[in-house]
Amino acid sequence: MPAIRCGGLVKRYADVVAVAGLDLTVATGECFGLLGPNGAGKTTTIEILEGLTEPDAGDVELLGMRWGGGRAADRALRERLGIQLQETQLADKLTVAETVRLFRSFYTSSHTVDEVLGLVELEEKRAAWVGKLSGGQKQRLAVACALVSRPELLFLDEPTTGLDPQSRRQLWQVIGRFRAAGGTVLLTTHYMEEAERLCDRVAIMDHGKVIALGTPQQLIASLGAEHVVEFALADGAGHAPAPEELAALPGVQAVRPGPDRTALTVAAVHRAVPALLGLLERRGAELSMLATHHATLEDVFVSLTGRQLRDA
C-alpha cells in the first residue's frame, strides 16, 4: 500500500488554477520531492494532502485512510502524520523544552522531550527561549514538533529555505535518520542539491501539473548528455553564432539561448569547448563568461519550461 495516493486533484482560487488535475503516488519508505518555482502549486498540493485545504475535485488517500471520515477518523490519521509548514510561528518566550512539551500534549502517543530533542540535536538548547535561537535551530525545532508524535509520514514544505549550508546539512541528517527508521517523507524544495541528495524520486511541477517524474538520475539522463557548457559574449565584439551553428558543433546535443547567456548540453566537453572557441574566433566574438558543470535537475527544468527553477 502506498503512503500517498491522489488522483485528479484540482484547486482554484478565483480565476487562478493552483492545482490542475494532479495525480501522484508515493511509496512507503520513500523520500519524494516536489520541485517547482513559486506559483507552481507545490504548497497548495501539500496542504490538500495534509488535510488543511479542501480540494475542488480529486481523491486523496494517506496510509490507507481518507480525510472526511468523521472527527475520530480524521484525528486518528493526523496522529500518524508529521507536518512542518513553510512558515512556523512558535512562541518566542517559551523555551525549547516547553515548546516540545506543548506539541507533545496534542497526541496520545509521542516521543519524550529528551528523545525528540536528541533526534534534532537540540539537547543543549532545551532551556533557551525560542526567540534566541538561530534560523537553523528554529527550523530544527519546527521539525522536532513535526516528529514528536512518532509519525509514519512526514511533510516538509521548503524546510531549508534561507538557511546557511551547515544548517541545511544538519537538517538533511535529521531527515536521513527519520528515513532510516522506516518513515516516508514528502518534501518540497527549491534546492537542486537537496533534491538530488535526499529524494528517491522527484516530480517537477509547473502551472499546477507534474511535467516530469522519475529518479534524479533518470530525469538528468533525459537531457541526453551529462554536461552543460554556458557562455556569454562581450558586447560589441564580432557576431554571435546562430543556434543552428552551435547545434552543429561536435558533441553538442541541445542549445538553449537565454537572455544573458547560452547553454549547450554536451556529451563530450573536451570536444565541444575547443570547437566552440574556434567558432567564436572565426566570428570575431569575445567571451565574457565560460563555465561548465554536470547536468542537474535545474537543467532539466529549464529544458522543459525555458525558465529557471530557483527564485531570482
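- Note that the OG1 atom of Thr188 and the CG atom of Leu35 stand 9.0 Å from one another [nearest 0.5 Å].
- For the salt bridge (Lys or Arg N to Asp or Glu O under 4.0 Å) condition, the pairs that include at least one residue of residues 33-51, sequence neighbours left out, are Lys42-Glu158.
- Between Asp206 and Leu304, the closest side-chain pair of non-hydrogen atoms is not below 4.5 Å.
- Using a 4.5 Å heavy-atom threshold, the side chains of Arg126 and Asp114 count as touching.
- Side-chain heavy atoms closer than 4.5 Å link hydrophobic residues (I, L, V, M, F, W, Y) into clusters, and following such links, possibly through other members, connects Val19 to Ile4.
- Val255 and Leu279 fall within a single hydrophobic cluster, where Ile, Leu, Val, Met, Phe, Trp and Tyr side chains are chained together by heavy-atom contacts under 4.5 Å.
- Shown here is Lys209, whose NZ atom has no more than 12 heavy atoms of other residues, nucleotides or ligands within 6.0 Å.
- Shortest non-hydrogen contact noted between Pro151 and Phe178 is O-CE1, 3.4 Å.
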Report task. Quick one: do Asp164 and Ser167 satisfy side chain to side chain contact (heavy atoms under 4.5 Å, CB included)? Show the steps, please. Result -> CA-CA 5 Å; Asp164 62 85; Ser167 297; 2.9 Å; yes

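- A distance of 10.0 Å separates CZ in Phe231 from OG in Ser288, rounded to the nearest 0.5 Å.
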Query - Evaluation steps, side chain to side chain contact (heavy atoms under 4.5 Å, CB included), between Ile211 and Met205 - result: CA-CA 6 Å; Ile211 60 174; Met205 290 187 67; over 6 Å; no

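- By the neighbour-count criterion of 12 heavy atoms within 6.0 Å, atom CZ of Arg12 is sparsely surrounded, having that number or fewer from other residues, nucleotides or ligands.
- How far CZ of Arg197 is from CZ of Arg168: 11.0 Å, rounded to the nearest 0.5 Å.
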Quiz: residues 128-136 side-chain donor-acceptor pairs under 3.5 angstrom, not counting sequence neighbours:
| residue | atom | partner | partner atom | Å |
| --- | --- | --- | --- | --- |
| Ser134 | OG | Gln137 | N | 3.2 |
| Ser134 | OG | Gln137 | OE1 | 3.3 |

Query raised in the report: For Leu85 and Ile83, what are the C-alpha separation, side-chain angles and deciding distance, and is it a side chain to side chain contact (heavy atoms under 4.5 Å, CB included)?
Result: CA-CA 6 Å; Leu85 302 174; Ile83 297 174; 3.7 Å; yes

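- Judged purely by atom type and a 3.5 angstrom limit, Ser105 uses its side chain to pair as donor or acceptor with the backbone of Leu102.
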Report task. List the steps, then state whether side chain to side chain donor-acceptor pair (under 3.5 Å) holds for Thr160 with Glu194. Result -> CA-CA 9 Å; Thr160 64; Glu194 184 163 278; 2.5 Å; yes

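- Annotation: side chain of Val10 is not in contact with side chain of Pro55 (no heavy-atom distance under 4.5 Å).
- The closest donor-acceptor contact from the side chain of Lys11 to the backbone of Glu54 lies under 3.5 Å.
- The closest donor-acceptor contact from the side chain of Arg177 to the backbone of Leu119 lies under 3.5 Å.
- The heavy-atom pair separating Pro216 from Ala195 by the smallest distance is CG-O, 4.1 Å.
- A salt bridge is defined here as a Lys NZ or Arg NE, NH1 or NH2 lying under 4.0 Å from an Asp or Glu carboxylate O, and Arg5 with Asp59 fails to meet this definition.
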**Report entry** Stepwise ring pair (Phe, Tyr, Trp, His ring centres under 6.0 Å) check, His227 with His293
**Finding:** CA-CA 6 Å; His227 301 275; His293 64 263; 9.1 Å; no

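- Taking the side chain as every heavy atom from C-beta outward, Val252 and Val229 never approach each other to under 4.5 Å.
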Sequence neighbours excluded and cut-off under 3.5 Å, please list the side-chain donor-acceptor pairs for residues 22-33, or say none.
| residue | atom | partner | partner atom | Å |
| --- | --- | --- | --- | --- |
| Asp23 | OD1 | Gly8 | N | 2.6 |
| Thr28 | OG1 | Met1 | O | 2.9 |
| Glu30 | OE1 | Ala27 | N | 2.8 |
| Glu30 | OE1 | Arg201 | NH2 | 3.2 |
| Glu30 | OE2 | Arg201 | NE | 2.6 |

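- Note on residues 93-111: no pairs pass salt bridge (Lys or Arg N to Asp or Glu O under 4.0 Å), not counting sequence neighbours.
- Between Arg150 and Glu115 there is a salt bridge, since at least one side-chain N of the basic residue sits less than 4.0 Å from a carboxylate O of the acidic one.
- At least one donor-acceptor pair under 3.5 Å links the side chain of Thr99 to the backbone N or O of Thr95.
- Counting only distance, with no hydrogens or angles, the side chain of Trp67 and the backbone of Leu62 share no donor-acceptor pair below 3.5 Å.
- The heavy-atom pair separating Leu233 from Ala240 by the smallest distance is CD1-CB, 3.6 Å.
- Within a 6.0 Å radius of CD in Glu281, other residues, nucleotides and ligands contribute 12 heavy atoms or fewer.
- Follow the hydrophobic side-chain contacts under 4.5 Å out from Leu52 and you never reach Leu187; the two are in separate clusters.
- Summarising the geometry, atom CG belonging to Leu81 is positioned 9.0 Å from atom CE belonging to Met65; distances are rounded to the nearest 0.5 Å.
- Under the 3.5 Å distance criterion, the side-chain polar atoms of Glu196 are matched with a main-chain donor or acceptor of Leu297.
- Linking ILVMFWY residues whenever their side-chain heavy atoms come closer than 4.5 Å, directly or via other members, leaves Leu156 and Tyr191 in distinct clusters.
- Around the CD atom of Glu244, the shell of radius 6.0 Å holds more than 12 heavy atoms that belong to other residues, nucleotides or ligands.
- Annotation for Val120 and Ala144: closest pair CG2-CB, 3.8 Å, computed over non-hydrogen atoms.
- Leu153 is not connected to Val174 by any chain of hydrophobic side-chain contacts under 4.5 Å among Ile, Leu, Val, Met, Phe, Trp and Tyr, and they are in different clusters.
- Using a 4.5 Å cut-off on side-chain heavy atoms (C-beta onward), Arg256 and Arg261 make no contact.
- The closest donor-acceptor contact from the side chain of Gln139 to the backbone of Pro159 lies under 3.5 Å.
- Considering only residues two or more places apart in sequence or on other chains, Ala295 meets the side-chain contact (heavy atoms from CB on, under 4.5 Å) condition with Ile220, Leu223, Val228, Asp299.
- Among residue pairs with one or both ends in residues 67-78, those qualifying as salt bridge (Lys or Arg N to Asp or Glu O under 4.0 Å) are Arg75-Glu79; sequence neighbours excluded.
- In this structure, CG on Leu9 lies 6.5 Å from CG on Leu49, to the nearest 0.5 angstrom.
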**Report entry** Check against side chain to side chain contact (heavy atoms under 4.5 Å, CB included), Leu287 and Leu280
**Finding:** CA-CA 8 Å; Leu287 285 170; Leu280 296 178; 3.5 Å; yes

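- Side-chain atoms of Thr215 and Asp200, non-hydrogen and from C-beta on, never get closer than 4.5 Å to each other.
- The two atoms that bring Leu198 and Trp172 nearest to each other are CD1-CD1, 3.6 Å, heavy atoms only.
- The CD atom of Glu230 lies 9.5 Å from the CG atom of Leu290; values are rounded to the nearest 0.5 Å.
- Scanning all heavy atoms of the two residues, the minimum distance from Leu154 to Leu147 falls at CD2-CD2, 3.9 Å.
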